[in-house]
Amino acid sequence: MVEIGERHLKRLLSEYVHYYNTTRTHLSLAKDAPEPRSVQPPSQGGLVETPRVGGLHHEYLRRAA
């Protein structure tokens with residue numbers, strides 16, 4: 001990804017920090033994120049893909065149909 005200015009770079013870094021702390025798994029935390037997430041059982045619905053950090057990463061959440 002190529003940033004096109006300081007403001008764009010700050011936005012990308014902010015998005016990545018949010019992704020890193022809320023979505024990305026960490027081996028040292030037993031594959032959890034620094035901000036713990038709730039378990040989403042299959043009964044909550046199908047998986048929905050949500051792009052993160054400009055589409056470089058993705059988060060998968062369950063949503064009711």
Report the hydrophobic cluster partners of L13, with the cluster defined as I, L, V, M, F, W, Y residues connected by side-chain heavy atoms closer than 4.5 angstrom, directly or transitively.
L9
For residues 30-43, tabulate all N or O donor-acceptor pairs below 3.5 Å that involve a side-chain atom, not counting sequence neighbours.
from : atom 1 : to  : atom 2 : distance (Å)
R37  : NH1    : T23 : O      : 2.8
R37  : NH2    : K31 : O      : 3.4
Q40  : OE1    : R62 : N      : 3.1

Rounding to 0.5 Å, atoms NE2 (H18) and CZ (R52) come to a distance of 7.0 Å
Considering residues, nucleotides and ligands other than E6, do more than 12 of their heavy atoms fall under 6.0 Å from its CD?
no
If you look only at pairs with a residue in residues 28-49, which of them pass as a ring-ring contact (aromatic ring centres under 6.0 Å, His included), with sequence neighbours excluded?
none
About how many Å separate CZ of R11 and CD of E15, when rounded to the nearest 0.5 Å?
5.0 Å
Is the Y16 ring parallel, tilted or perpendicular to the H57 ring (thresholds 30°, 60°)?
tilted
If you count the non-hydrogen atoms of other residues, nucleotides and ligands that lie under 6.0 Å from CG in L27, is the total more than 12?
no
Shortest non-hydrogen contact between V48 and R63, atoms and distance
CG2-CG, 3.5 Å
Any chance you could measure L47, atom CG, to H58, atom NE2, to the nearest 0.5 Å?
13.5 Å
